[in-house]
Every structure is written in structure tokens, then in C-alpha cells.
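All remarks here apply to the structure that follows.
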Amino acid sequence: MKSRRLFAVVALAVLAGSSAEASEAPDASAAAAGHDACSRPAQVLDLTNWKITLPVDDPAKPGPQPLDVKQPALDDYSIDPWFVVDKRCKGVLFRSAVNGVTTANSKNPRSELREMTEDGATEFRWSPVSGTHTLVIDQAITHLPNDRPHVVAGQIHDGGDDVSVFRLEGTRLYLTRGDDTHHKLITDDYRLGTRFQAKFVVTGGAARAYYNGVFQDEIPVPADGAYFKTGAYTQANCGNSAPCDESNYGQVIVYRVHVRHT
């Protein structure tokens, strides 16, 4: 009788453990490697040819300027809550609050990766008319700022401005074209936390945009000096969104980002 009870207890424990693992535990490789396997974003995403711009002040620069972290420092870098691994070790959280430090050419804060080359040493700028350039982001937008609930999650940039981005406004997800922020409505029923794939393929001077593998539109990329960006670019600030503090933010989880140039 005791052996039967013991078998039942063990079986229940195994079932409970399997259920918990499926819902909230890190994947097996991370668990086997210990807690340190989930301590920094570079253990989840390949950040070899990226730098990150963060919405916090860089103490090494005069006046409030956002902090840029490049390779090789980026490999060991995280900063809570702006750039951290999620609890399941499956994605990287990018967060940007409305009161964050901004770049010189924007009124809005960002926690955003910018494409680099030479193992992260040099900013990459490529020609949209030469070769094929592909960005694929597996991601979910998980939080929006108050009053102006807008976040950009993935973009093509040229030498002067963004060319096209995936932009969420409330429940409406758009593909933009230059200054036309509502160029193409992708869905009017996006729910926070929904995982999706954003993809740009640039060739012959144009970018073909895809949402979950479905073609959306072709956008001209008119100038040289193009590059990709990904993360959370909050489209709100203290002038249009309250409260003006760290509790008011945009956030994106990136599960995978892949860039290819051929």
C-alpha cells in the first residue's frame, strides 16, 4: 500500500512539474546552465552587430544625452528595467518611459538597437539599390504610455529620417511611409502581448514589408545610408502624456531578431 501511495505522489509531482515548466519556467538549456544563463540580453539575442541607445543620461557626456552601449561592453550589459531578459529567458524587454532622455533629433525616448558592422565597432549604412537587406523581428508590444498610447517597434532608417516603421496606436497597428504615420492599417485589433513577426526586405530601392509572413506594401527607400533598428521607441513624452515619471512607458519584448545582407 505504501509503495502505491508513493507512486501516486511521484506521478502527481511529475505532472505538476511538467505543467509549471510549460507555463513559466525557462527552457531546458537555460535551466541546465543555471540562473546566469538568463542574466543579460546577449544570452538571448545575438547582439554582435548592434549597439543600444537607452533613455537614461550618459554621465560621460555634457548635458542630458542618452546612453549608447556598444560592443564589446554590450555582450555583458543589462539595465533594469530598460533592457533586461524576461523571466522565462525567452525574450529581451525594451522599455522607454515618457520622461526618458532623448536623442538630439527627437522629442521622444527610446530603448532601441541600431545596426552596426565589424562586430559592433562601426555604424552600418548600406545602399538600398545594391544587394538585398532583410530584417526579421519576432516580438510583442506589451505596454503603451498613457494619453498618447503610441510605440514604434522596428524600423528602416536612412541618413536623415525613418523610412518605414511598424507603429502601434492603441489597438491599431500601422505600417508607415515617411511622415505618413497611417499609411497602411495592418490590424485594428492588436492586443498587448500578442507575438508577431515584422519583416522588411529591401532591394532595388524599395522595402517590401510583411506582417506574420503576409505581404503588406512596398515602400520606396530613396537614399543611401540606410540601416535597421529594433526595440521600443515610445512616441510620447512629458508634454503629451502623464504622469511624467518612470511608471508611464512603452515596452516591447523581442524574442528574436535576424538581419541578413547579401
Side-chain angles (χ1 to χ4, degrees), residues 38-86 91-97 100-128 133-139 151-166 198-200 202 207 221 223-235 249-261:
C38 296
S39 64
R40 48 197 171 86
Q43 292 165 310
V44 178
L45 302 178
D46 182 357
L47 300 178
T48 302
N49 278 312
W50 297 95
K51 75 170 183 178
I52 189 164
T53 300
L54 293 159
V56 298
D57 187 30
D58 185 343
K61 296 178 181 177
Q65 294 189 50
L67 178 64
D68 280 353
V69 181
K70 301 178 181 179
Q71 292 290 5
L74 185 58
D75 262 348
D76 295 312
Y77 190 81
S78 68
I79 179 170
D80 191 14
W82 316 115
F83 179 58
V84 293
V85 177
D86 75 348
V92 175
L93 279 69
F94 295 78
R95 180 183 294 190
S96 183
V101 180
T102 68
T103 57
N105 59 349
S106 178
K107 295 180 180 179
N108 299 319
R110 72 188 78 207
S111 175
E112 195 176 38
L113 295 172
R114 191 252 194 245
E115 188 181 12
M116 304 286 280
T117 189
E118 297 175 349
D119 293 332
T122 305
E123 290 188 348
F124 196 16
R125 299 179 185 274
W126 39 265
S127 170
H133 314 275
T134 304
L135 170 69
V136 182
I137 316 167
D138 178 4
Q139 63 185 343
V151 165
V152 164
Q155 58 174 308
I156 303 173
H157 214 278
D158 66 16
D161 205 352
D162 56 282
V163 174
S164 184
V165 311
F166 285 83
K199 180 178 179 180
F200 287 115
V202 183
V221 186
D224 283 352
Y227 55 93
F228 294 127
K229 304 186 82 174
T230 185
Y233 183 15
T234 299
Q235 300 295 289
Y249 59 89
Q251 182 171 277
V252 176
I253 298 178
V254 176
Y255 298 97
R256 177 177 174 269
V257 58
H258 173 74
V259 172
R260 185 181 182 191
H261 299 283

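None of these values were measured; they are calculated from a predicted model. Residue numbers count from 1 along this sequence.
Checked against side-chain contact (heavy atoms from CB on, under 4.5 Å), Asp46 has the following partners two or more places apart in sequence or in another chain: Thr48. Under the side-chain contact (heavy atoms from CB on, under 4.5 Å) criterion, Glu118 pairs with Ala121, Thr122, not counting sequence neighbours. Partners of Asp138 according to the salt bridge (charged side-chain N to carboxylate O under 4.0 Å, His left out) rule, which considers only residues two or more places apart in sequence or in another chain, are Arg195. Pro72 meets the side-chain contact (heavy atoms from CB on, under 4.5 Å) test with no other residue; sequence neighbours excluded. Partners of His261 by ring pair (Phe, Tyr, Trp, His ring centres under 6.0 Å), not counting sequence neighbours, listed by chain and number: Phe124, Trp126, His133. With sequence neighbours excluded, the residues that form a side-chain contact (heavy atoms from CB on, under 4.5 Å) with Ile253 are Leu93, Thr142, Tyr255. Judged as a ring pair (Phe, Tyr, Trp, His ring centres under 6.0 Å), and not counting sequence neighbours, the contacts of Tyr227 are His157. Shown here are the side chain to side chain donor-acceptor pair (under 3.5 Å) partners of Ser164, two or more places apart in sequence or in another chain: there are none. For Arg256, the salt bridge (charged side-chain N to carboxylate O under 4.0 Å, His left out) criterion is met by no residue, not counting sequence neighbours.
Phe166 and Phe200 have their aromatic ring centers within a separation under 6.0 angstrom.
Atom-to-atom distance recorded for Leu67:CG and Ile79:CD1 is 6.5 Å, nearest 0.5 angstrom. Once rounded to the nearest 0.5 Å, the distance linking CG of Asp57 with CD of Gln65 reads 8.0 Å.
Side-chain contact annotation: Thr117 with Asn49, donor-acceptor N/O pair under 3.5 Å absent.
Side-chain contact between Leu47 and Leu113 is present, with at least one heavy-atom pair separated by less than 4.5 Å. Taking 4.5 Å as the limit, every side-chain heavy atom of Gln71 sits out of range of all side-chain heavy atoms of Asp119. Residues Val151 and Val252 are in side-chain contact: their nearest non-hydrogen atoms beyond the backbone lie under 4.5 Å apart. Side-chain atoms of Val152 and Gln235, non-hydrogen and from C-beta on, do get closer than 4.5 Å to each other. Side-chain contact check for Lys51 versus Glu115: every heavy-atom pair is 4.5 Å or farther apart. Contact annotation: the side chain of Val84 never approaches that of Val92 to less than 4.5 Å [non-hydrogen atoms, C-beta and beyond]. Between Val101 and Pro66 the shortest side-chain heavy-atom distance falls below 4.5 Å.
The stretch residues 69-84 participates, sequence neighbours left out, in these salt bridge (Lys or Arg N to Asp or Glu O under 4.0 Å) pairs: Arg40-Asp76.
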Report all side-chain donor-acceptor pairs from residues 104-112 shorter than 3.5 Å, counting only partners two or more places apart or in another chain.
residue	atom	partner	partner atom	Å
Asn105	OD1	Thr103	OG1	2.9
Ser106	OG	Asn108	N	3.0
Ser106	OG	Asn108	O	3.3
Ser106	OG	Tyr233	OH	2.7
Asn108	OD1	Asn237	ND2	2.9
Arg110	NH1	Glu112	OE1	2.9
Arg110	NH2	Thr103	OG1	3.4
Arg110	NH2	Tyr233	OH	3.1
Ser111	OG	Trp82	O	2.9
Glu112	OE1	Lys229	NZ	3.3
Glu112	OE2	Gln155	NE2	2.8

